[in-house]
Asker: 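Okay, here's the structure, questions in a sec.
By convention in this document, chain letters (A, B, ...) are assigned in the order of the sequence lines, proteins followed by strands, and residues within each chain are numbered from 1.
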There are 4 protein chains.
Amino acid sequence: MNFRPPAPIFLQIAEHIIQLIISGDWKEGDRIPSVRDFATDVEVNPNTVVRTYNLLSQEGIISNKRGVGYFLNENAKKLSTTYLKKQFINEELPYFIKMMKTLELDFEDLKKEYNEHK
Amino acid sequence: MNFRPPAPIFLQIAEHIIQLIISGDWKEGDRIPSVRDFATDVEVNPNTVVRTYNLLSQEGIISNKRGVGYFLNENAKKLSTTYLKKQFINEELPYFIKMMKTLELDFEDLKKEYNEHK
Amino acid sequence: MNFRPPAPIFLQIAEHIIQLIISGDWKEGDRIPSVRDFATDVEVNPNTVVRTYNLLSQEGIISNKRGVGYFLNENAKKLSTTYLKKQFINEELPYFIKMMKTLELDFEDLKKEYNEHK
Amino acid sequence: MNFRPPAPIFLQIAEHIIQLIISGDWKEGDRIPSVRDFATDVEVNPNTVVRTYNLLSQEGIISNKRGVGYFLNENAKKLSTTYLKKQFINEELPYFIKMMKTLELDFEDLKKEYNEHK
DNA sequence: GTGGTCTAGACCACC
DNA sequence: GTGGTCTAGACCACA
């Protein structure tokens, strides 16, 4: 995984997992990789994955069965989408729109840029 | 000025100044406030303003006349726009578009949100 | 380390590090001392080392792995040489040559001085 | 005049004047421009010229006749050369030679660079 | 543990 | 007056 500074790595991992859930690669009820395995996978300090799993637990997306591992909750997909949307609308969009105004860009410009940088 | 965590204050000040330049409130060739004055204005430590001015110098937006103060360069407006655009197009937009895809939002949805935030 | 005024300490540290890199004492890929350790080493304030590391980062000579520390980039040696050469050729040499002309010194005179200082 | 940072402007002016003396443009015994005139000429704060003239006075190169102006002393040319040489040998050369060693440049390289950047 | 930021305050050279 | 540097010390997020 490539992480883009300065966003916290544990958040980027959380979003990565959420995308796996939304896309259906990880299914509700499934056991997800252990902290250690996942940390090895994405080449990251295990503590960082712990933080990610904690966050997802708080959001009700995953649960821990002690001694067994972490599992996707039944409503994981719905909660994931909600979480992501909340983040996006509240954190990203206002700043994004302010920038568009300052730079005097409209949605047509964005589409152009989007296609060029696709 | 109200600063929104967790973005560094000196960066927020830089963006603020850039907006003043783009909007034409600060004109090319103008002397900008002294480090101390500006620090008093926005109620931060002078060192923080020093960091901001350093950044803007590196970007070629302002220059120092020794013993006199900082001045907007002749191409300050263009450079400011370029700087902001670079940030936006390279850092913000790709992430933004990825989010749109994941959340299955299209530009119509954004326009709605945009109008609400306008 | 002994610092010679009036050159800023953080620049002198940067040059010192660059010399360590060019001489091969610090190798590409190596982790370099933490800000705190290095500050203790050379007996300066940690903030001063932060400035040095920032400069070297901007020059592409070192990179930060978040939470781990700073590392020499793969092209650190080349970039270091380039950086130093740039300083030397652009800043030092023209002035130097102008002085030689004014003082009517030629390279033979310099060699003599050079040998004495060797 | 173009001043190259970060060298103090008043020193650069001093060297400029010294060059005028060595080249013979300003002759011993001549009256030199008033502080104000010279400051206007080189577009600099008069206080800066005052510092320059003070320095040159200390070096015995110029003298003030109160109410009349500054004049070149009789031995101005010799003293100028001595001053410049002292500066050059003590301040510039050691650093210069150290750089040559670090960058593994020899005098042939310098000549090449010299010719290219002439 | 790592670096990043910020404050407070001091000192300095320079214009 | 101007900016530049440095220190001391604190707090923080992150890995």
Asker: Counting any heavy atom closer than 4.0 Å, what does A:Phe10 reach on the DNA or RNA strands: base, sugar-phosphate only, or nothing?
Answerer: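 Touches sugar-phosphate only.
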Asker: Let me spell it out: for each of B:Asn47 and D:Val44, pick the nucleotide of DNA chain E with the closest heavy atom. Which residue's pick is nearer the 5' end?
Answerer: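 Of the two residues, B:Asn47 wins.
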Asker: Does C:Arg36 or A:Leu11 map to a spot on DNA chain F nearer the 5' end, using the closest nucleotide for each?
Answerer: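 Going by which nucleotide is closer to the 5' end, it is C:Arg36.
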Asker: Do C:Ile32 and C:Phe71 come close enough that some side-chain heavy atom pair is under 4.5 Å?
Answerer: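 They are not in contact (no side-chain heavy atoms under 4.5 Å apart), so the answer is no.
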Asker: According to a 3.5 Å limit on both distances, what stems of 3 or more consecutive Watson-Crick or G-U pairs are formed with DNA chain E?
Answerer: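 The stems that DNA chain E takes part in, listed by first number, are E:1-14 with F:1-14.
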Asker: What's the closest nucleotide to the side chain of C:Val68 if the choices are F:dG4, F:dA15, F:dA8?
Answerer: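 Nearest to the side-chain atoms of C:Val68, counting from C-beta on, is F:dA15.
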Asker: Report yes if the side chains of C:Tyr53 and C:Ile62 come closer than 4.5 Å at any heavy-atom pair, otherwise no.
Answerer: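 In short, these two side chains touch, coming nearer than 4.5 Å.
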Asker: Answer with yes or no whether the side chains of B:Tyr83 and B:Glu15 bring together a donor and an acceptor at under 3.5 Å.
Answerer: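 No, B:Tyr83 and B:Glu15 have no side-chain donor paired with an acceptor closer than 3.5 Å.
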Asker: Among F:dT5, E:dT5, F:dA15, which nucleotide has an atom closest to any side-chain atom of B:Val50?
Answerer: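 Nearest to the side chain of B:Val50 among the choices is F:dT5.
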Asker: Measure from the side-chain heavy atoms of C:Ser34 and tell me the nearest of E:dG3, E:dT7, F:dA15.
Answerer: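 My answer, after comparing the listed nucleotides, is E:dG3.
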Asker: Given E:dA8, F:dT7, E:dC15, identify the nucleotide with an atom nearest to the side chain of D:Thr48.
Answerer: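 From the listed options, E:dC15 comes nearest.
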Asker: Is the shortest heavy-atom distance from the side chain of A:Glu92 to the side chain of B:Met99 under 4.5 Å?
Answerer: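 They are not in side-chain contact.
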Asker: Given F:dA8, F:dG3, F:dA15, identify the nucleotide with an atom nearest to the side chain of B:Tyr70.
Answerer: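 My answer, after comparing the listed nucleotides, is F:dG3.
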Asker: When you compare the side chain of B:Ile13 with that of B:Ile17, does any pair of heavy atoms fall below 4.5 Å?
Answerer: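 They are in side-chain contact.
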Asker: Let me know the distance between CD1 of B:Ile13 and P of E:dT5, rounded to the nearest Å.
Answerer: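 Distance check: B:Ile13 CD1 to E:dT5 P gives 13 Å.
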Asker: Indicate yes or no: at least one non-hydrogen side-chain atom of C:Ser34 is less than 4.5 angstrom from one of C:Asp37.
Answerer: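 In short, these two side chains touch, coming nearer than 4.5 Å.
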Asker: Using heavy atoms to find the nearest nucleotide of DNA chain F for A:Pro8 and B:Tyr53 separately, return the residue whose nucleotide is more 5′.
Answerer: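 This one resolves to B:Tyr53.
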Asker: Would you kindly give the CZ-to-C1' distance between B:Arg31 and E:dC15, to the nearest whole Å?
Answerer: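 Distance check: B:Arg31 CZ to E:dC15 C1' gives 12 Å.
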Asker: Does C:Asn64 reach a base, just sugar-phosphate, or nothing at all? Heavy atoms under 4.0 Å.
Answerer: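 It contacts sugar-phosphate atoms only.
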Asker: Could you check whether any side-chain N or O of D:Gln12 sits under 3.5 Å from a backbone N or O of D:Ala7, counting only pairs where one atom can act as donor and the other as acceptor?
Answerer: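 It does hold such a pair.
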Asker: Can you check the B:Arg66 CZ to F:dT5 P distance for me, whole Å?
Answerer: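 Those two atoms, CZ and P, are 12 Å apart.
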Asker: Could you state the CG-C1' distance from C:Leu55 to F:dT5, rounded to the nearest angstrom?
Answerer: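 Going from C:Leu55 (CG) to F:dT5 (C1'), I get 14 Å.
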Asker: Round to the nearest Å and state the distance from B:Phe3 atom CZ to F:dC12 atom P.
Answerer: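 The answer, rounded to whole Å, is 18 Å.
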Asker: To the nearest Å, give me how far apart CD (B:Gln58) and C1' (F:dG3) are.
Answerer: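 Checked: the CD to C1' distance equals 16 Å.
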Asker: With heavy atoms under 4.0 Å as the rule, sort C:Asn45 into base, sugar-phosphate or nothing.
Answerer: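 C:Asn45: base contact, heavy atoms under 4.0 Å.
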Asker: What nucleotide, of E:dT2, F:dA8, F:dC14, holds the atom closest to the side chain of C:Asp37?
Answerer: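 Looking only at side-chain atoms, C:Asp37 lies closest to E:dT2.
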Asker: Just the rounded figure in Å: distance from P of F:dG3 to CD1 of B:Ile62.
Answerer: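 Value for this atom pair: 10 Å.
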Asker: If you pin D:Ile9 and C:Pro33 to their nearest nucleotides in DNA chain E, which one's is more 5'?
Answerer: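 Result: C:Pro33.
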Asker: Run the side chain to side chain contact (heavy atoms under 4.5 Å, CB included) test on B:Leu11 and B:Leu55 for me, step by step, so that the C-alpha distance in whole Å, both residues' side-chain angles and the decisive distance to 0.1 Å come before the verdict.
Answerer: CA-CA 9 Å; B:Leu11 282 183; B:Leu55 172 63; 3.6 Å; yes
Asker: Under 4.0 Å, counting only non-hydrogen atoms across every strand here, what does A:Arg51 touch: a base, just sugar-phosphate, or nothing?
Answerer: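 Result for A:Arg51 = base.
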Asker: Please state how far atom CD in C:Glu43 lies from atom P in F:dT7, giving the value in whole angstrom units.
Answerer: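 C:Glu43 atom CD is separated from F:dT7 atom P by 11 Å.
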